[in-house]
Each structure stands twice: as C-alpha cells, then as structure tokens.
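Worksheet: one structure, shown below.
Chain letters run A, B, ... following the sequence lines, proteins first, then strands; residues in each count from 1.
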2 protein chains.
Amino acid sequence: MSDRDDKGRVATIFDVARLAGVSHQTVSRVLNDLPNVRPATRARVEQAIKQLRYVPSPAARALVTRRTRTLGLIVTGAPDYGPSSTALHFNEAARDARYSVITASMLETDAAVMRSAAELLVRQNVEAIVLIAAQRAALDALDGIELGVPLIAVASEDRGGMHRVWLDQYAGARLAVDHLVSLGHREIRHLGGPPNAMDAAERVRGWSAALAEHGLPAREPLLGDWTPGSGYVHGRVLARDAEMTAVFVSNDQMAIGVMHALAEAGLSVPDDVSIVGFDDIPEAAYVAPPLTTVRQDFDALGRAAMAGVLGVLGDDERLVPEPSVPDLIVRASTSAPSRDRVALTP
Amino acid sequence: MSDRDDKGRVATIFDVARLAGVSHQTVSRVLNDLPNVRPATRARVEQAIKQLRYVPSPAARALVTRRTRTLGLIVTGAPDYGPSSTALHFNEAARDARYSVITASMLETDAAVMRSAAELLVRQNVEAIVLIAAQRAALDALDGIELGVPLIAVASEDRGGMHRVWLDQYAGARLAVDHLVSLGHREIRHLGGPPNAMDAAERVRGWSAALAEHGLPAREPLLGDWTPGSGYVHGRVLARDAEMTAVFVSNDQMAIGVMHALAEAGLSVPDDVSIVGFDDIPEAAYVAPPLTTVRQDFDALGRAAMAGVLGVLGDDERLVPEPSVPDLIVRASTSAPSRDRVALTP
DNA sequence: TGACCATGCACCGTAAGATCT
DNA sequence: CAGATCTTACGGTGCATGGTC
C-alpha cells in the first residue's frame, strides 16, 4: 500500500500520462469523469492509474480548486451520550458522502477558544462548519462573526445567520407529559436542565404547554445541571412534596439521581411516584426500576446535520429532513397514581 | 474576519510583499522565523500581514513541504465514556500542539471499513494515525498493512509494528481486589468484559494474580459485554452464589446492572455483597449505593497519545510518559463481609 | 463542424542559488 | 566577506485555449 517508487516518491498525474501515452490533461479528464475521452483511451489511462497505484494529491487539488472536501466539526461540553452519538453519526454520514471531518472538541464552552478553533478550521479551508453544542453560549460565540463558510448548528433554538438542524424537544416533552396525564396523574412536576441549555428550555416549554392544555397546574420547575448528582439533590426536595405523583425529568442521568433520592426517602417508583426521563441512555433500561423515557434519534440528527451541509453546499438538492420527533419508551417507572396520593390532590 | 478584497480573493504572500515593499521570499522568511531579516524589515512585513489579514494557505504549504500538520484519528465502537473522553482529550492536546485532527468514527469494528478509512486519511497526507479501539480486531485490521505513516494505538495489549500508549489495567484490577481482600473478603468473583476486549483481558489477569498472591481461590470469571443489561443478566447468576461475598466488575455500567439484580434477589450491597466497578463514570457516585470503583485518567491517556505522536514525529524529544496507574475510589458499595456469609466459606 | 486531445498557465507557498550592499 | 534581499524553480492539479483529424 505504500505506492512509492524507488526514490520514495508517489506517482503523479504526469507519470500516469506518460505510461498511458497521453497528456496529463486527459488523465485529469478521466479522473473527473468528464466527457470527450474515447473509451479506449479511458481504459488505457485507468490501467495506468491502477498499475502505478496513483492517487491524486488533495493538497494540489485544493490549491487549484479551492475545494477541500473537508468539513469542520466543533463539539463543546462533556462527552455525554447525546453529543457523542450525534458526532459519531455525523462523522459516518460525512464519510459516506466522501467528506473528511476535522474535529475540534473542547470540554469548556469558552468563546475565545471556540473562535480560534473556528478560525483554524477556516484556514484549513473547510467548506462548512458544523457546531454541536448544548449551550446557548456556544452559538453566541460564533454568532455574528463572518467566518466565510456556512455554519450549520445542531441546536434546538432558532438563530439568525446560521443554518440549523434539531430534534423536536418540545414534542418529546409533550409525549412524556401526555403519557403521565393519560395514566391519571394530575400533579406533575418537572426537573429541568440548566438555564443556558437550549434543549432544557424547549422541554420546559413542552411540559408546561401540555399541562396547560389539560387544564393542570404547573408548579415552578426545578433546574438541575444534567448530572446524576443534581438529580439526587433535587430528588430529595421532590420527595417532600406530598401532592405530586409524577416527575418529568429532563434527562435520564438526573432521573437516576431522582429515583435514588426517592428510594432513600422510602418512596416507591412507580407505586408512589412515576418518573419519566429523556434520552434513553444505555443504562436507562437496566436501572431499578427500568426507566420510562423519551428516546431521541441521534443517528437521524447526525445525518440531518450532514444533509444540511450538503444542502448548503449545493452538492445535493435533497431537502434537509424534517426534525424527527422523539419516541416515548414506556418501561416500569410509570404507572397509574396510587389512591393515597390521588386523594391528597384538591 | 472575512479577509477578502473586493474580488473576493484572500491575500497572498505576494500581496503582502508588495505592500511591504519586499520580495515574497522575505515575507516567507518572516513567516517562518528565519534569520537574516533586518528588524525594521521584519516590522514592515508584519505590519503588512496584519493590515491585509494575511494567513498562509495550508494547501500551498502542504504541497511544497509535504507536511500538513494534520493527524488522523480512528475511533471504533459505541460512544462510551472511556473512548469518548480519550478522544476529546487527545483532540485538545493536538490543538495545543497546533495540529489538526481528521477523525474517522465508526460504530462497528469492520476491517474493510477501517482500512478504507485509514487509506482516506493517508491520502489526506496525515502525518500519523492514532487508533482508539477497545477490540483486538481493530488492531488486527490495521496490523501489517503498510500505511506509510506512523500508527499509534491506544491499546492495553502489546503488538508489534505499532506504537502504543495505555493505562495500566492490570494494576487497576489489583487495586480493586486488594481493597476487597483488605476488607476481609475471601471469595471474590469477577464479571469481565467481552473476550475480544483487551482491557477486559488485562483486568481478568490482574484479578486472578491478586487472588493468587493472597492464596485465595479464583472461580471461573463470567463474561459480559460492557452493557448494563449484561451486568443484570450475570448479576442474577451471581445472586445464587451463596459463598461469594464480593464481585469485581470490569466496568461501571455492568456493575449497575449487577447491583440491580442483587437488589431484586433481596441481597443488600454492601451488607451482603460488596461491588467494585471500573472507570468511574459520572453516574457511579450517584447510584444506590454509590459505587466503589477504579478511576481511569482518560485525560492523561489522551495526552499520552499526543505525546506518542510528537515523539514519533520527532517534534518533541520529551519521552512518552509512563502509563498512569488508575486510582481506587472507595464509596459505599464495599464493606467488610457480613458474618453470615463469612461463616459459609470453608 | 465537432469529437478528441495537447499545451500553457494559474494556484500559493518553500527552497536554493544569485545578487546587492 | 557576510548579512540582507531578490530571482528562479518547483510541487501537482484543473481550467482555458488551441490544434488536429
């Protein structure tokens, strides 16, 4: 596979041309599938390419075409299940479309670091930049600055000046609440994500809209930070609320913490309190009790991001697919409310 | 930031040269910090660079130097906490060293896909390829084929023909078992990872070596697949083993499943059975009970991979650091064995 | 005339040799 | 003579132009 001649040089288009007895331009035409090449000539060139194991130089090609078939990907935040999965599937979709992806990952959402990473990508002549970032601040960091290349954000809030793909967090939250309401719950509380998280805000919106539609009260939501620890802390608070019979938790990690706190307080899930999470992380089906949750299709999201790129670049006229709506996965952490608790509600 | 003139062109080295009143070669000398440039001239050139917002074209530079300052990263398998963290920190370390990283992620460890991804990276003239792969098959896929660039594998088993960085899984496993032994446990079972996982094999090795050293029996280990579900399945088997008082589980996800199964069987953790996991995932501190586990320093691992790259490329003479030894994090899932169970052992 | 193919040049840097002060 | 600077060549493509049958 090392494709090198005696002098350690890889074959060039001129080597191929000489071997095939044509000009380098004809080789170029064959490479790029252009017309006006006689089939016999084409065959000779292809034979020479194979024989010399010639592969075109991306650097030389990029220099003259100013196209690199390379995309930039910026991912901020901890390597949690959602963003990591989205990045993985985006990467696979890009490879399928014969694009390379230069990735810039960073734990912190620091505006200066993000901007310098974006500039680095632009200098590498990426054709578009995809941003996977849960926090609003990540969009702010790249908003307004003129990158010179299209920016596609995976984000659940709208923003001028950049393209966007997302999953319907609002609809997912409504699924969760509708499920609890249909089981007979009337006092349904919410543990949300951090205030700067766009997904969290959409889920709060869905929760309160669903409650309003059913004429049910919406108590002030609690706000965690996505971690199991914050779920535990707020779970202890929720355990003292004798009126509520169900909690819609904004992600599965916090839901695990909530269930732990409820168990410690002597409350049974789902007999005393029903719990619905969000994401369907791998652990969700195997905690005690298995968690009813809202599954997000990160595969679709990653592919949608790539579809967005192709749409913007004009490679592909296919429209970017509609945002997919999450699925409710009913497991054992939800059931009809117990008589005792129902009796307490007004 | 769009750095373009009226015709939409970015500045070239010639534009800078003209503005500074020097030749483009002098500009190049300034860019590359070469000597023999008068301070006054250097200042004029730097002023012109700033004024035109000139940045050198990586494509043109790569064409002539055959160096791209770009690395390839291949990551296989699900986006679990360990590999995702390692990839993140490697990425940050690479950026600190002013390298770009082209990433190829793939869910499946398919030899053909891996090889074509590696070839794609080589065509992009990456200067080295880093492989993060838990499975032995991933090393097999790239073993032997002549890539033409150095390959640095993050892998816990040795392999000819490639450089390697790793965390000391064997020592980590010994820490876990030593902890259990020091608490008084004498019948310590093991739930390992899948047979094709290199980390899993090392942990089995550490577990059995520690037992042998203490003169304790090593029963045949069970083998899961890293998922919480497989932990649950094997946990039900373990629950019927009346003699064992502790289980060393090869990762935290499976440990969660095991604890769930034990709880279902009416066994208390740690009163009846002590559990030690591996990894210290974010959930570990908040499950019930909080999990004693072996923390791996994925940050150090990612940086070690980058150090390995720099070492191979000769950019940096600093030695690749010694593999770091994991830390034991003692939480509530381990305690001295109960009298009842101890009495049962011979 | 049109299908086929060759020639020259641009792209934007770095490296080596030539020239000037 | 040597430090400072310039001139020339080159890398590997794709595009525009032109030539030939």
Over how many whole Å does the gap from [X] atom [atom1] to [N] atom [atom2] extend?
{"X": "A/I49", "N": "D/dT13", "atom1": "CD1", "atom2": "P", "answer": "10 Å"}
{"X": "B/R61", "N": "D/dG12", "atom1": "CZ", "atom2": "P", "answer": "18 Å"}
{"X": "A/I13", "N": "D/dG12", "atom1": "CD1", "atom2": "P", "answer": "11 Å"}
{"X": "B/R67", "N": "C/dC12", "atom1": "CZ", "atom2": "P", "answer": "23 Å"}
{"X": "B/Q25", "N": "C/dT19", "atom1": "CD", "atom2": "P", "answer": "16 Å"}

Of all residues at least two apart in sequence or in a different chain, which pass the side chain to side chain donor-acceptor pair (under 3.5 Å) check with [X]?
{"X": "A/R123", "value": "none"}
{"X": "A/S85", "value": "none"}
{"X": "B/R61", "value": "none"}
{"X": "B/D110", "value": "none"}

N/O donor-acceptor pair under 3.5 Å between A/E127 side chain and A/T68 backbone | yes

Mind checking what makes ring-ring contact (aromatic ring centres under 6.0 Å, His included) contact with A/H163, not counting sequence neighbours?
-> none

Going by salt bridge (Lys or Arg N to Asp or Glu O under 4.0 Å), name the residues that satisfy it together with [X], two or more places apart in sequence or in a different chain.
{"X": "B/D158", "value": "B/R164"}
{"X": "B/E157", "value": "B/R136"}
{"X": "A/R38", "value": "none"}
{"X": "A/D299", "value": "A/R303"}

Student check: side-chain heavy atoms of A/H89 and A/L301 closer than 4.5 Å = no

Please determine if a side-chain N or O atom of B/S23 lies less than 4.0 Å away from the OP1 or OP2 oxygen of D/dC6.
-> yes

Would you say D/dG12 has OP1 or OP2 under 4.0 Å from some side-chain N or O of B/R66?
-> yes

Can you pull every protein N or O that's under 3.5 Å from an N or O on nucleotides 19-21 of chain D?
none

Which angle, rounded to 10°, do you find between the first-five-pair axis and the last-five-pair axis of the helix from C/dG2-D/dC21 to C/dT21-D/dA2?
-> 60°

Heavy-atom contacts under 4.0 Å between residues 27-45 of chain A and DNA chain C, which residues?
-> A/N36, A/V37, A/R38, A/T41

Of all the nucleotides listed ([options]), which has the minimum atom distance to the side chain of [X]?
{"X": "B/T26", "options": "C/dG8, D/dT5, D/dG12", "value": "D/dT5"}
{"X": "A/H24", "options": "D/dT8, D/dG12, C/dT7", "value": "C/dT7"}
{"X": "A/Y54", "options": "C/dA6, C/dT14, D/dT13", "value": "D/dT13"}

